[in-house]
Amino acid sequence: MSSPQEIQLQIRGSVPEQEESGHGENGAGPKAAERRRPGTRGVRWWLMVLLDMLIVLCGQTVATLLGRYYYNSGGNSKWMATLTISGGSPLLAILLLLTPRDPVGEPRPAAAKMVPIYLGLGTLIGFDNLMYSYALQYLPVSTFALVAATQLAFNSVTSRLINAQRFTALIANSVVVLTFSAALLGVGSSSDGTSAADLPRGKYTLGFILTLSASAVFALILSLFEVTFEKAVRGRTLRWVLRVQMCTNFVAATVAVCGLLASGEWRTIPGEMAAFEDGRARYVATLVGTAVSWQAMSVATLRLITRVSSLFANVTGTVSLPLVPVFAVVLFGDRMTGIKAVAMLMAVWGFLSYVYQHYLDGRRAAAMGGQGGAAECCVCKARAGGEAALPA
């Protein structure tokens, strides 16, 4: 069965990154006013989106399994585990140095404009992690998973209000099915022996409120990343994706470090490292591998936000919730249950429902383009301003 820390890692993931998108790029230059039609960008666009989706699923799954390995092998610092979610952000500086410079004419927002955004989003991410960490102390695992699964529903609301996301029957079906899939997984974890009776008096309600608040904040963060690229950055090159990801996650990591120091858990790290089941080297490798996996997942998520939408990125991340327990059956000897299998099938169905909607949008846009009409998919329809697709 999933441990509290595993479920936290499944649900978390420090946020996204953006770049070229089927939904446009920069607003500069004459070509920027011309949006590429989904039908014409077809194969290449879908290949890039599928690549990002694969990185999200693999990155989140590997990070979660490494987190499970950390706890199974003797690690017990929740703040250290929280730090690994955003602590790998300095590694992105290496990729940033190797990435070609922005092309001439690329929008360059002033630092005075971006620094408050970095600080604001980074602090939100850090405190979102903090709320989840403390909520896990006050709720049974099953209840925590059920409440945290609402993040996708919250994201559907924020996407509509902030990002002008248009909803169709297929998209609504995807959101509902994926939410129930995650909730079903939470119900299945109730056999882990954690019950409300084991919790400190008066803490159950606080844990419920913290989990619900953290889910809403996480949904808000995804939508704010999307609007940041559309209204502030106005450029979706890989350099901007890496820059935004690195800066916001560095702030979030600082929040986690403050928590590690304030809680006093930093004093236990040397002893934890020495007592780690497979030795100090494996301890360090586990934490580094977890941090790298989370950063890969976060960068790909941000790219999906810029290419498609924050809701699509959240849908992709939610698919990994039922996948991790299945891998845990193979790697850690967990028992495969009917609930896990049904949750996985529901997640796949909900995900395919969302993808099929985008396929229909592309077909319709291609047909309209062939007739000289303005081609625009349902996600882009409500968004203003021309955007040009840039190479990944």
Visitor: Please list, chain by chain and in numerical order, all residues satisfying ring pair (Phe, Tyr, Trp, His ring centres under 6.0 Å) with Phe276, sequence neighbours excluded.
Guide: Tyr283

Visitor: Under the rule for side-chain contact (heavy atoms from CB on, under 4.5 Å), what residues qualify as partners of Ala275, not counting sequence neighbours?
Guide: none

Visitor: Please, which pairs that meet salt bridge (charged side-chain N to carboxylate O under 4.0 Å, His left out) have at least one residue in residues 245-267, sequence neighbours excluded?
Guide: Lys78-Glu265

Visitor: In Å, rounded to the nearest 0.5 Å, how long is the span from CG of Leu92 to CG of Leu97?
Guide: 11.0 Å

Visitor: Which value, rounded to the nearest 0.5 Å, describes the distance between Trp266 atom CH2 and Met80 atom CE?
Guide: 12.0 Å

Visitor: What are the two closest heavy atoms between Ser159 and Ser223, and how far apart are they?
Guide: N-OG, 3.5 Å

Visitor: Tell me, please, which residues at least two apart from Ser89 pass side-chain contact (heavy atoms from CB on, under 4.5 Å).
Guide: Asn249, Phe250, Gln295

Visitor: Quick one: are Thr301 and Thr316 in side-chain contact, heavy atoms under 4.5 Å?
Guide: no

Visitor: My understanding is that only residues two or more places apart in sequence, or in another chain, count here; which of them pass side-chain contact (heavy atoms from CB on, under 4.5 Å) with Leu220?
Guide: Ile162, Leu224

Visitor: Could you grab the distance from atom CD of Gln245 to atom OG of Ser298, nearest 0.5 Å is fine?
Guide: 4.5 Å

Visitor: When you compare the side chain of Ser77 with that of Leu260, does any pair of heavy atoms fall below 4.5 Å?
Guide: yes

Visitor: Tell me the closest heavy-atom pair linking Thr158 and Ala219, and the distance in Å.
Guide: OG1-O, 3.4 Å

Visitor: Is the shortest side-chain heavy-atom distance between Val217 and Phe127 below 4.5 Å?
Guide: no

Visitor: Ser73 and Glu277: side-chain donor and acceptor closer than 3.5 Å?
Guide: no

Visitor: So Phe225 and Ile125, do their side chains get closer than 4.5 Å, heavy atoms only?
Guide: yes

Visitor: So, taking the atom named CD1 in Ile221 and the one named OG1 in Thr228, what distance separates them when rounded to the nearest 0.5 Å?
Guide: 11.0 Å

Visitor: Do Tyr118 and Met246 come within less than 4.5 Å of each other through their side chains, counting heavy atoms only?
Guide: no

Visitor: Are Met53 and Phe312 close enough that some pair of their side-chain heavy atoms sits under 4.5 Å apart?
Guide: yes

Visitor: Might you point out which heavy atoms bring Val244 and Phe229 nearest each other, and give the distance in Å?
Guide: CG2-CZ, 3.7 Å

Visitor: Do the side-chain N and O atoms of Tyr70 and Glu272 include a donor-acceptor pair separated by under 3.5 angstrom?
Guide: yes

Visitor: Do Met114 and Val233 make a side-chain contact, defined as non-hydrogen atoms from C-beta onward lying under 4.5 Å apart?
Guide: yes

Visitor: Transitively linked via ILVMFWY side-chain contacts under 4.5 Å: Leu50 with Leu304?
Guide: yes

Visitor: Evaluate side chain to side chain contact (heavy atoms under 4.5 Å, CB included) for Arg282 paired with Tyr69, printing each intermediate quantity in order.
Guide: CA-CA 11 Å; Arg282 188 65 64 86; Tyr69 176 77; 3.3 Å; yes

Visitor: Is a side-chain N or O of Thr123 found less than 3.5 angstrom from the main chain of Gly120, in a donor-acceptor match?
Guide: no

Visitor: Holding to side chain to side chain donor-acceptor pair (under 3.5 Å), I want the full list of residues that pass it with Arg280, two or more places apart in sequence or in another chain.
Guide: none

Visitor: Do you see a donor-acceptor pair shorter than 3.5 Å between the side chains of Thr84 and Thr290?
Guide: no

Visitor: Among Ile55, Leu65, Leu66, which residue meets the side-chain contact (heavy atoms from CB on, under 4.5 Å) test with Ser293?
Guide: Leu66

Visitor: Kindly work out whether a path of hydrophobic side-chain contacts (I/L/V/M/F/W/Y, heavy atoms less than 4.5 Å apart) joins Val251 to Val115.
Guide: yes

Visitor: What is the minimum heavy-atom distance between Ala232 and Ile117, and which atoms define it?
Guide: CB-CD1, 3.7 Å

Visitor: Please name the pair of heavy atoms, one in Leu83 and one in Ala253, separated by the smallest distance, quoted to 0.1 Å.
Guide: CD1-O, 3.6 Å

Visitor: Just how far is it from atom CG of Leu242 to atom CG of Leu96, taken to the nearest 0.5 Å?
Guide: 5.5 Å

Visitor: What heavy-atom pair brings Ala214 and Asp128 nearest, and what distance separates the two atoms?
Guide: O-OD1, 2.7 Å

Visitor: May I ask you to test the Ile269-Trp79 pair for a side-chain heavy-atom distance under 4.5 Å?
Guide: no

Visitor: Given 3.5 Å as the limit, does a donor-acceptor pair link the side chain of Ser309 with the main chain of Ile305, or not?
Guide: no

